[in-house]
Amino acid sequence: MIARASQLFLPTLRDAPADAEALSHKLLVRGGFIRQVSAGLWTFLPLGWRVHRRVEQIIREEMDAIGGQEFLCPVLTPIELWQATGRDKIPELFHLRDRNSRAYILPITHEETFTFHAREIRSYRELPQLWYHFQVKDRDEPRPRGALLRLREFIMKDAYSFDRDEEGALASFEKNLAAYHRIFDRCGVEAHAVQAESGIMGGKLTMDFLAPSGSGENTLVRCERGDYAADAEIARGIPRAPEFPSRLDKPEEVETPGVVTCEALAEFLGVDLAATSKAMPVTKEDGSVVLALLRGDDRLAESKLLSALGSDSRPSTDEEIRAAFGAGGGSLGPVGFAGEVLADETLREGQFVAGANRDGYHLRGVEAARDYQPRFADIREPREGDRCPECGGRLVFQTAIEVGHIFNFGDKYSSGLEASFLDEDGVEKPLLGGSYGIGPARVMAAIVEQRGDEQGILWPASISPYDAHVIVLAGAEEIAAQAAEALSSTGRSVLLDDRDARAGEKFADADLIGVPLRITAGKKSLEDGLVDVRDRETGEERRVAPDEVAG
RNA sequence: CGGGACGUAGCGCAGCCUGGUUAGCGCGCCUGCUUUGGGAGCAGGAGGCCGGGAGUUCGAAUCUCCCCGUCCCGACCA
């Protein structure tokens, strides 16, 4: 296949739009891959759609390889399906009505629809099943951003597994996990599987695939030795040990006038900031006040707190604090507090300075278990400089894009939608489900983030819009056509830049568009009959006969 | 939803503060000639409801108010 650039709609731009921040945003727009229609709504132009489809095809092949069966479910969805699972209240849902004012939604994923179809599964003999489709998702995002990084409408490959028992569901999960590694591998994108969310539902089987990138909404925490990876929201890190002052047999009150921050306290008393403790009272949904206790140099990780409390919470109000502690913020501590103390793991060992629950006073030498009875949990935010919880290696932090998410949802949807089957033992049981999503557009964006530079993109050969980019310079039309034919006849797709443009423009566009293989026919070719073949990745260039470029 | 910024030609911007000819510049686009291996030169040309509405004024891109849109930070995120 040979595409003539002179006939394509391939609007490349010399400058990036002023409002573009992310590299992928800039380069995909400049390269003529995508164009914006409205906030979070983007059109894939022909070049961008070719890449998208290649990503899709890789996903399709790997899903089929593990027994996946491709469907196509509608976007427009009767709201009843979502009412049945209680997801109709999700704020991101777009709602609409037909002419008879029947209510519909535009789904954010398709668990309900696939589970609806799974109601036709009658017997354990029909299990397991693995179904998927590529379909539009709509989400009324509060803040779309970064072009393909966060869209309001996008295509997702979402797959759903249905199993008869936990063992089967786990097997389905693992098959998909392995397929995902192959997919990202083949797409040439670096993506790390990490434990997702803290799992208030107790769902252990939920993993995100995070692709490190210059822009993104997640932070990937990894051990430099490669044995640990997690999303920063739930990652565990081991901070340096504090330098404790000499041990006290019991807490000792010390006057600390006007000292309300841990930094000021450490300064005032001349102790290591890490040897102070930070008291953060929060109020749970049931109204009870819990004292979250951290080291003075740490920050509270909200999603860890959520997981540890098993309930939503908010910072307590001044009145609640006064009522629960008898003192105001700045002098709070665990000693003498009647409610629950949720202490970070870092407070297990050693003696810390803590608030005395008396305005203007603190206690030295406060020791967990001796002076107060906490429940321990990991609730601190990991940070640069922490050590790996597995091996003690150094942790590195990278911003990342979530390109995939897989999780088991048990009977969450099948119970609401009454999707059950008759098991071997004659008992009617709910199907156990799993959900496996990938956003091809985010994969594209991640690749550009990982492999782009100021000049342009460098697509991996597996998803490049074309296999080869043949540049025709004045006079060398015939030799260029010969090279293009040679490539095309071996099944490769060729972008033939036959535009009436200057060499510099063509080279610059080729760098921008990012096809990994570039062939140039020009004046030199008229002399020796050869063309330049340049590997964009290595910069390696050699002169070859046009008939042999495919070799 | 809170904070901030910005809407002037396809893209990037100036003009606005201090109201006053026909609203400018660079790139791109069209025509012609020259040029042709890393974004050419000359000449000519096309292209604007200055985001929208209301007001102030003899007169508004410019001042005031309202609305809309877009981007960034935060909150949120199945």
Side-chain angles (χ1 to χ4, degrees), chain A residues 9 11-22 25-26 29-32 35-42 82 85-94 105-112 137-147 149-152 154 156 158 160 196-197 200-201 203 206 208 215-218 231 233 302-303 306 312 314-315 402 405-407 409 412-413 435-437 439 454-456 471-477 479-480 497 499-512 518-528 530-532 534 539 541 543:
Chain A
F9 182 61
T12 56
L13 299 173
R14 194 181 293 223
D15 302 309
D19 54 22
E21 297 270 322
H25 183 174
K26 291 179 186 168
V29 171
R30 282 188 55 209
R35 283 294 185 269
Q36 182 167 27
V37 173
S38 177
L41 299 178
W42 289 74
W82 285 59
T85 60
R87 289 215 299 171
D88 58 314
K89 302 296 184 227
I90 290 172
E92 281 76 22
L93 275 186
F94 279 105
I105 57 96
L106 301 177
I108 56 176
T109 58
H110 277 80
E111 277 85 356
E112 280 79 357
K137 311 296 172 210
D138 286 277
R139 299 181 183 186
D140 192 357
E141 292 288 351
R143 184 146 105 82
R145 67 189 98 183
L149 295 181
R150 192 171 196 75
L151 292 160
R152 289 202 294 173
F154 60 97
M156 177 188 269
D158 41 327
Y160 302 91
E197 298 158 24
I200 186 168
M201 301 305 192
T206 167
D208 276 334
S215 302
E217 303 182 317
N218 298 74
D231 189 296
E233 285 193 7
E302 285 175 33
S303 64
L306 172 67
D312 268 322
R314 55 167 173 80
E402 182 187 335
H405 183 196
I406 62 178
F407 61 100
F409 55 73
K412 180 172 172 193
Y413 298 94
S435 175
Y436 315 91
E454 281 308 306
Q455 303 309 310
I471 289 182
V472 191
L473 299 180
E477 289 80 5
I479 297 171
D497 192 349
R499 294 173 304 168
D500 180 20
R502 303 181 64 79
E505 285 178 67
K506 294 190 180 189
F507 288 136
D509 273 354
D511 290 342
L512 180 58
R518 189 184 84 186
I519 287 115
T520 308
K523 191 160 57 180
K524 285 189 280 176
S525 311
L526 296 177
E527 290 160 11
D528 62 7
L530 304 178
V531 295
D532 286 318
R534 181 186 166 89
E541 196 161 305
R543 288 189 71 73

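All values below were derived from every heavy atom in this structure, side-chain atoms included, with hydrogens, water molecules and symmetry-related copies excluded.
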Could you tell me the separation between the [atom1] atom of [X] and the [atom2] atom of [N], rounded to a whole number of Å?
X	N	atom1	atom2	value
A/Glu141	B/rC71	CD	P	13 Å
A/Asp500	B/rU35	CG	C1'	12 Å
A/Asn218	B/rC76	CG	P	14 Å
A/Glu454	B/rG39	CD	P	18 Å
A/Leu41	B/rG69	CG	P	12 Å
A/Glu233	B/rC76	CD	C1'	11 Å

- Query: If you check the A/Ala508 side chain, which of B/rG12, B/rG37, B/rG39 turns out closest?
  - Reply: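 Ranking B/rG12, B/rG37, B/rG39 by closest atom to the A/Ala508 side chain puts B/rG39 first.
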- Task: Would you mind telling me which of B/rG38, B/rG12, B/rC76 lies closest to the side-chain atoms of A/Phe507?
- Result: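 Looking only at heavy atoms from C-beta outward on A/Phe507, the closest nucleotide is B/rG38.
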- When rounded to the nearest Å, what value does the distance between C1' atoms of B/rC77 and B/rG39 take?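 Per the computed distance, 42 Å lies between those C1' atoms.
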- Item | Nearest-angstrom distance, P atom, B/rA46 to B/rA5 | 39 Å
- Task: Assign each of A/Gly522 and A/Val37 to its nearest nucleotide of RNA chain B by heavy atoms, then name whichever residue's nucleotide is nearer the 5' end.
- Result: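 It is A/Gly522 whose nearest nucleotide is closer to the 5' end.
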For [X], what residues pass the salt bridge (Lys or Arg N to Asp or Glu O under 4.0 Å) criterion, not counting sequence neighbours?
X	result
A/Glu302	none
A/Asp532	A/Lys524, A/Arg543
A/Glu402	none
A/Arg145	A/Glu217

Answer yes or no: is there a donor N or O on one side and an acceptor on the other, between the side chain of [X] and the main chain of [Y], under 3.5 Å?
X	Y	result
A/Asp497	A/Arg499	yes
A/Glu141	A/Arg143	no
A/Ser525	A/Ala476	no
A/Lys506	A/Thr520	no

Describe the nucleic acid contact of [X] in one word from base, sugar-phosphate, nothing, applying a heavy-atom distance below 4.0 Å.
X	result
A/Pro91	nothing
A/Ser525	base
A/Ala16	sugar-phosphate
A/Arg35	nothing
A/Gln36	sugar-phosphate

- Message: So, OP1 or OP2 of B/rU36: does either fall under 4.0 Å of a side-chain N or O from A/Arg502?
- Response: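 For B/rU36, OP1/OP2 do not have a side-chain N/O of A/Arg502 under 4.0 Å.
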- Check whether any side-chain nitrogen or oxygen of A/Ser38 sits under 4.0 Å from OP1 or OP2 of B/rU70, and answer yes or no.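 For B/rU70, OP1 or OP2 has a side-chain N or O of A/Ser38 closer than 4.0 Å.
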Applying the Watson-Crick and G-U wobble criteria at under 3.5 Å, what pairs with [N]? Answer none if nothing qualifies.
N	answer
B/rA5	B/rU70
B/rG44	B/rC30
B/rC17	none
B/rA23	none
B/rC63	B/rG55

Considering only nitrogen or oxygen atoms on both sides, find all protein atoms under 3.5 Å from nucleotides 72-75 of chain B and state each distance.
unit_1	atom_1	unit_2	atom_2	d
B/rC72	OP1	A/Gly146	N	3.4
B/rC73	OP2	A/Arg143	NH1	3.2
B/rC73	OP2	A/Arg143	NH2	2.6

- Partner set under side-chain hydrogen bond (donor to acceptor under 3.5 Å, both in side chains) for A/Lys26, not counting sequence neighbours: none
- Query: For A/Arg30, which residues count as a side-chain hydrogen bond (donor to acceptor under 3.5 Å, both in side chains) partner, sequence neighbours excluded?
  - Reply: none
- Message: So if I define the base as every atom that isn't primed, P, OP1 or OP2, how would nucleotides 24-34 of chain B read as a B/S/- string at a heavy-atom cutoff under 4.0 Å?
- Response: ---SS------
- Taking only residues two or more places apart in sequence, or in another chain, which ones meet A/Trp82 in a ring-ring contact (aromatic ring centres under 6.0 Å, His included)?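 Partners of A/Trp82 by the ring-ring contact (aromatic ring centres under 6.0 Å, His included) criterion come out as none, since no residue qualifies.
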